[in-house]
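Count residues from 1 along the sequence. Whatever order the structure lists them in is the order used to number ligands and atoms, beginning at 1. Quantities reported herein were computed from a predicted structural model and do not represent experimental measurements.
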Amino acid sequence: MSAVPTIDLNDGKTIPQLGFGVFQIPPADTAEAVSTALEAGYRHIDTAEMYGNERGVGEALRASGLDRADVFITTKLNNGFHEPDAARKAFAETLAELDSDYVDLFLIHWPLPTLYGGDFVSTWKTLEEFRSDGRARSIGVSNFQVAHLERLAAESDVVPAVNQIELHPYFHNATVDGYGRAHGVATEAWAPIAQGKVLGDPALANIAAKYDKSPAQVVLRWHIQHGNIVFPKSTTPSRIRENFALFDFELEQADVLVIDALDKGEAGRDGPNPDAFDYVPS
Ligand SMILES: NC(=O)c1ccc[n+]([C@@H]2O[C@H](COP(=O)([O-])OP(=O)(O)OC[C@H]3O[C@@H](n4cnc5c(N)ncnc54)[C@H](OP(=O)(O)O)[C@@H]3O)[C@@H](O)[C@H]2O)c1
């Protein structure tokens, strides 16, 4: 039914390459936005405990009448709950909010290397428990730098299935992305259109005109052709549908290279640097 390709994960599972993100969607509006996305054909939703809107995701899923098995749900551990017992409690609460027995993918949202004595390894081993008992079908990380991934490789037995990182035409996050690709960690690109900030770039306008597509569609298609997993966010129904219409055209390699050349390296990073980020909700 859906033309969305799947990406193979290192644990034998698969994930739809295109999903719908719900960061900054107010809790009261989330069920409606997710319902619109499910009607448009999305079968992958990306939420987090810290977004406060897991319940709305669960509501939309129930209202859709779709089988739970037909929709891939990702959520993430709240930065305040990295200690093992706190993580166990938080994960049970997440499942209750989603009204589901399991999630398809559960992530450590941020490594927080300056907090918890720098110990994200015991947090990771707690996620391994959730995978072992089947309540998280896959587990992964988000915003992990190469040093953090190397430490997990040295001190634990399970390689994260994904690393969800900031990645868009202005910030390719190439070192982290490259490490993941070399070690079987799939790259999920958050803020795939840089929260709209790349869309006014003249190079994208030219390419969009050539294919009779929008700049957002061109950028999302660029991600797809690079093998990234993406989940653009929108609360605008027409954009929700627009962002799903990526599979009836293909960028020529010359155009991919034009977008590749927009990378500004570290200067293009728009969000927080994971080495320093230490936000904990009060
Ligand atoms: N792991 C992490 O730390 C982390 C951090 C950030 C994000 N994420 C995940 O990644 C997802 C996507 O990132 P994001 O929400 O930060 O940013 P994004 O998807 O790059 O951009 C969302 C913004 O772009 C606008 N937009 C969407 N489609 C558009 C289109 N076709 N044309 C023009 N504007 C468009 C939206 O506006 P309207 O809503 O007004 O339409 C919204 O302001 C999040 O929802 C979340 O699931 C994860």
Side-chain angles (χ1 to χ4, degrees), residues 15-27 29-30 32-34 36-37 40 42 44-54 56-57 72-79 103-112 120 140-145 148 160 162-171 173 176 180 185-201 204-205 208 213-224 228-246 268-281:
I15 182 171
Q17 194 179 2
L18 175 64
F20 181 69
V22 298
F23 179 43
Q24 292 177 325
I25 302 185
D29 301 338
T30 301
E32 189 182 337
V34 173
T36 303
Y42 293 81
H44 166 187
I45 310 294
D46 185 272
T47 182
E49 290 179 13
M50 287 195 291
Y51 303 167
N53 56 19
E54 291 169 314
V57 172
F72 191 104
I73 305 283
T74 299
T75 190
K76 320 182 190 85
L77 182 68
N78 186 306
N79 286 353
V103 289
D104 296 278
L105 179 60
F106 193 60
L107 309 181
I108 300 181
H109 203 149
W110 289 88
L112 307 176
F120 46 76
V141 295
S142 178
N143 299 301
F144 272 46
Q145 304 279 54
H148 307 140
V162 309
N163 188 16
Q164 184 177 126
I165 55 175
E166 181 181 349
L167 199 168
H168 46 72
Y170 287 165
F171 181 52
N173 216 337
V176 179
V185 183
T187 294
E188 297 194 325
W190 67 248
I193 57 172
Q195 300 192 335
K197 295 182 187 79
V198 295
L199 301 181
D201 195 291
L204 295 174
K213 291 285 177 181
S214 71
Q217 288 172 318
V218 164
V219 174
L220 293 168
R221 181 71 210 182
W222 170 84
H223 281 286
I224 295 288
N228 301 334
I229 300 159
V230 282
F231 22 81
K233 169 267 174 187
S234 178
T235 45
T236 312
S238 60
R239 289 176 173 171
I240 293 173
R241 289 188 283 275
E242 174 186 323
N243 295 345
F244 193 72
L246 307 178
R269 186 193 289 279
D270 191 51
N273 187 318
D275 287 320
F277 191 63
D278 61 359
Y279 168 75
V280 173

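- Contact annotation: for N143 versus ligand 1, heavy atoms closer than 4.0 Å belong to the side chain alone.
- Atom numbering of ligand 1 starts at 1 in the shown order; those under 4.0 Å from a heavy atom of H109 are 1 (N), 2 (C), 3 (O).
- At a heavy-atom cutoff of 4.0 Å, ligand 1 is contacted by the side chain of S142 but not by its backbone.
- At a heavy-atom cutoff of 4.0 Å, ligand 1 is contacted by no atom of T47, backbone or side chain.
- Annotation: atom 48 (C) of ligand 1 to nearest protein heavy atom, Q164 OE1, 3.0 Å.
- Among protein heavy atoms, atom 5 (C) of ligand 1 sits closest to W190 CD2, 3.2 Å.
- Between L112 atom CG and H148 atom NE2 the span is 9.5 Å, to the nearest 0.5 Å.
- The shortest distance between side-chain heavy atoms of L18 and H223 does not fall below 4.5 Å.
- Closest to atom 40 (O) of ligand 1 among all protein heavy atoms lies R239 NH1, 3.4 Å.
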Please test Y51 against H109 for ring pair (Phe, Tyr, Trp, His ring centres under 6.0 Å), starting from the C-alpha separation and ending with a verdict. CA-CA 11 Å; Y51 303 167; H109 203 149; 5.8 Å; yes

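- The aromatic rings of F120 and F144 sit perpendicular to each other, their planes meeting at more than 60°, with 30° as the lower class boundary.
- Here's the thing with V22: one of its N/O atoms is less than 3.5 angstrom from an N/O atom of ligand 1.
- Here the side chains of F106 and E49 are in contact, with some heavy-atom distance below 4.5 Å.
- Taking 4.0 Å as the cut-off between side-chain N and carboxylate O, D46 and K76 count as a salt-bridged pair.
- In Y51, the part holding a heavy atom less than 4.0 Å from any atom of ligand 1 is the side chain.
- Interface of W110 with ligand 1, defined as ligand atoms under 4.0 Å from a residue heavy atom, comprises 3 (O).
- In this structure the side chain of L220 reaches within 4.5 angstrom of the side chain of P232, judged on heavy atoms.
- Checked against a 3.5 angstrom limit, the closest N/O atoms of A216 and ligand 1 fall outside it.
- Q217 is listed as a side-chain neighbour of L246, based on a closest heavy-atom distance under 4.5 Å.
- For ligand 1, the atoms closer than 4.0 angstrom to any heavy atom of P232 are 19 (O).
- A distance of 7.0 Å separates CH2 of W190 from CD of Q195, quoted to the nearest 0.5 Å.
- Interface of A194 with ligand 1, defined as ligand atoms under 4.0 Å from a residue heavy atom, comprises 20 (O).
- Looking at S234 next to ligand 1, an N or O pair under 3.5 Å apart turns up.
- Taking all heavy atoms of H168, K233, Q24 into account, the minimum distance to atom 36 (C) of ligand 1 is reached by K233.
- Taking 4.5 Å as the limit, every side-chain heavy atom of I229 sits out of range of all side-chain heavy atoms of Q164.
- Residue L199 places no N or O, backbone or side chain, under 3.5 Å from any N or O of ligand 1.
- The nearest heavy-atom contact from the protein to atom 13 (O) of ligand 1 is A191 N, 3.1 Å.
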Could you go through the side chain to side chain contact (heavy atoms under 4.5 Å, CB included) check for N243 and F20 one step at a time? CA-CA 9 Å; N243 295 345; F20 181 69; over 6 Å; no

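- For atom 11 (C) of ligand 1, the closest non-hydrogen atom on the protein side is F231 O, 3.3 Å.
- When heavy-atom distances to ligand 1 are checked against a 4.0 Å cut-off, A48 has no atom that comes that close, whether in backbone or side chain.
- The shortest side-chain heavy-atom distance between I45 and V22 falls under the 4.5 Å cut-off.
- Atom 28 (N) of ligand 1 has its closest protein heavy atom at N243 ND2, 3.0 Å.
- Close approach to T236 involves these atoms of ligand 1, each under 4.0 Å from a residue heavy atom: 38 (P), 40 (O), 41 (O).
- Side-chain contact between P272 and W110 is present, with at least one heavy-atom pair separated by less than 4.5 Å.
- Of the protein's heavy atoms, I193 CD1, 3.6 Å lies nearest to atom 26 (N) of ligand 1.
- Judged by the shortest distance from any of its heavy atoms, S214 lies outside the 4.0 Å radius around the atoms of ligand 1.
- Looking only at protein heavy atoms, the nearest one to atom 44 (C) of ligand 1 is F23 CB, 3.3 Å.
- Using cut-offs of 30° and 60° for the angle between ring planes, the F171 and H168 rings count as tilted.
- Contact annotation for Q195 and ligand 1: heavy atoms of both the backbone and the side chain come within less than 4.0 Å of the ligand.
- For ligand 1 and D46, the ligand atoms under 4.0 Å from any heavy atom of the residue are 9 (C), 46 (C), 47 (O).
- In this structure, OG in S214 is found 13.5 Å from CZ in R221, a value given to the nearest 0.5 Å.
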